[in-house]
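Since the structure comes first, as structure tokens, the remarks are kept for the end.
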Number of protein chains: 2
Amino acid sequence: MSGKTRQRILTTALALFNEQGESNVSTNHIADELEISPGNLYYHYRNKDDIIEQLFQRYEERMDAALTVPDGRAVTLEDVWLQLHLVFECIWDYRFLYRDIINILSRNRSLRLRFARILKRGSGNAHAIMKGLNDSGTMRASAAEIEGLATNILVLATFWLNYASIHGEKDEQRAIQQGIVQVMMLVSPFLRDSERLHLHTLSAAYAS
Amino acid sequence: MSGKTRQRILTTALALFNEQGESNVSTNHIADELEISPGNLYYHYRNKDDIIEQLFQRYEERMDAALTVPDGRAVTLEDVWLQLHLVFECIWDYRFLYRDIINILSRNRSLRLRFARILKRGSGNAHAIMKGLNDSGTMRASAAEIEGLATNILVLATFWLNYASIHGEKDEQRAIQQGIVQVMMLVSPFLRDSERLHLHTLSAAYAS
DNA sequence: GTCTATAAATGGATAGAC
DNA sequence: GTCTATCCATTTATAGAC
């Protein structure tokens, strides 16, 4: 059972970080919650940052998996919907990172570079998908408009769950659905009339 | 000179909080920087939260002053531009609040309520200004579109400087200008053709 | 692998002299 | 108003027994 405790530490740390914020959870808290000794925890991980890096690794792999562009076929609005779901679910599951992102990145150069890469990938992804919608005739926007739109999608996706949290929204599914609707509202003005009407119908049902 | 040290503590605390993040600045750090004793600092303020509350008070008054709607005349795009400037400058000057907002609000019920009020006021403000642009014929959007637009403006304005900070943007003026351009891009699709062209010309010059 | 015990450092806060 | 001295609690991290 070599990796058993090691895994339990990660799982419990993630839960506590998400609930109480990374800076409010000490290694002692994590050990307490697991009913193991602090010494035992330090046998498995060098320090708190080591735990955070392992969690970041999982986050990174999951976000990389979520950020894909349909290959060899036209992009549809359903693709956007699905991808936003995957991205928001990932952010939710690792929301402690986003809640304290500037602090966490400011004390760890490696994570800073890796998060910058994720953001860049997210930006490129939003770009490619918007361009795909444009090429398939689903929407119509200039290059400059797609550029600005991709940036706004990225910022909104990155910080929406923080915003929802400040508003006291505790329900994961509701928060995510509202986030998706808001991102869709960014795209909506550029859609063909028929697509836009269809989207508004879907959104109204979805956000209720 | 009764209030002299009291004021210097606020000024120095604000500078340190903005530079290093509120959670990374202890009362000892503030006293050190001012070259006064920790005991002296505690003579002027009950505790660290007391200092934060006083800073929040100043932030609150400034943001309240920035969030106004032109009275008795039509709203123009220049009004939007000016107001975004005032709002972003205010957020910049108190960026420590936004950087750690969830943590700060989670441990202080009073600030939570007061920040919620500011957000609500910001939301109502964005709403009223968009409605004003609509009424003056500068833009054309449905009630649902204005609703979604106002929310997205609020989220973008609230978190843009965090996003810019992650990107390593250290220059206040550049960060703010880019933020304004991005907000304007949210509004752009709803503008009349002539207004939209005018805006794109202005934005291109502004963001350079 | 896990525990107990503990060191070393830091942060918040107060008492009492000046 | 300001300082010195100090206390208490917390956190990170390690040493050494089992």
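Per chain, numbering begins at 1; letters A, B, ... match sequence-line order.
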Worksheet item: Whole-Å distance between dA13(D) C1' and Asp50(A) CG?
Response: 13 Å
Discussion item. Expressed as a whole number of angstroms, how long is the span from Gln20(A):CD to dT11(D):P?
Written reply: 11 Å
Practice prompt. Select one nucleotide: of dG1(C), dT12(D), dA13(D), the one nearest the side-chain heavy atoms of Asn40(A).
Written response: dG1(C)
Worksheet item: dT2(C) P sits how many Å from Arg6(A) CZ, rounded?
Response: 13 Å
Discussion item. Can you tell me if Arg46(B) has over 12 outside heavy atoms packed within less than 6.0 Å of its CZ?
Written reply: no
Worksheet item: So do the side chains of Leu154(A) and His127(A) get within less than 4.5 Å of each other, counting heavy atoms only?
Response: no
Discussion item. Using the side-chain heavy atoms of Lys48(A), tell me which of these nucleotides is nearest: dT12(D), dA13(D), dG1(D).
Written reply: dT12(D)
Item to complete: Figure out the CG/C1' separation between Asp49(A) and dT11(D), and round it to whole Å.
Response: 14 Å
Worksheet item: Would one find a side-chain N or O of Thr5(A) under 4.0 angstrom from OP1 or OP2 of dG1(C)?
Response: no
Worksheet item: Which part of the nucleic acid, if any, lies within reach of Ser37(B) when heavy atoms closer than 4.0 Å are counted: base, sugar-phosphate only, or nothing?
Response: base
Worksheet item: For Lys48(A), does the NZ atom sit with more than 12 other heavy atoms under 6.0 Å from it, leaving out its own atoms?
Response: yes
Worksheet item: Do the charged groups of Asp100(A) and Arg107(A) touch, with an N to O distance under 4.0 Å?
Response: no
Practice prompt. Would you kindly give the NZ-to-P distance between Lys4(B) and dT2(D), to the nearest whole Å?
Written response: 10 Å
Discussion item. Rounded to whole Å, how long is the line connecting atom CD1 of Ile30(A) with atom P of dT10(D)?
Written reply: 17 Å
Item to complete: For dA13(C), take OP1 and OP2 only and decide whether either is under 4.0 Å from a side-chain N or O of Tyr42(B).
Response: yes
Worksheet item: Relative to the ring of Tyr59(B), is the ring of Phe115(B) parallel (under 30°), tilted (30 to 60°) or perpendicular (over 60°)?
Response: parallel
Fill in: Closest nucleotide among dG1(D), dA13(D), dA13(C) to the Asn47(B) side chain
dA13(C)
Worksheet entry | Between C1' of dT14(D) and NE2 of His44(A), the distance in whole Å | 16 Å
Discussion item. Below the 4.0 Å mark, does dT10(D) have OP1 or OP2 next to a side-chain nitrogen or oxygen of Ser26(A)?
Written reply: no
Worksheet item: NA contact type, Asn28(A), heavy-atom cut-off 4.0 Å: base, sugar-phosphate, or nothing?
Response: base
Worksheet item: Any side-chain N or O of Tyr43(B) less than 4.0 Å from the OP1 or OP2 oxygen of dT2(D)?
Response: no
Discussion item. In this structure, how many angstroms lie between the P atom of dG12(C) and the OH atom of Tyr45(B), rounded?
Written reply: 16 Å
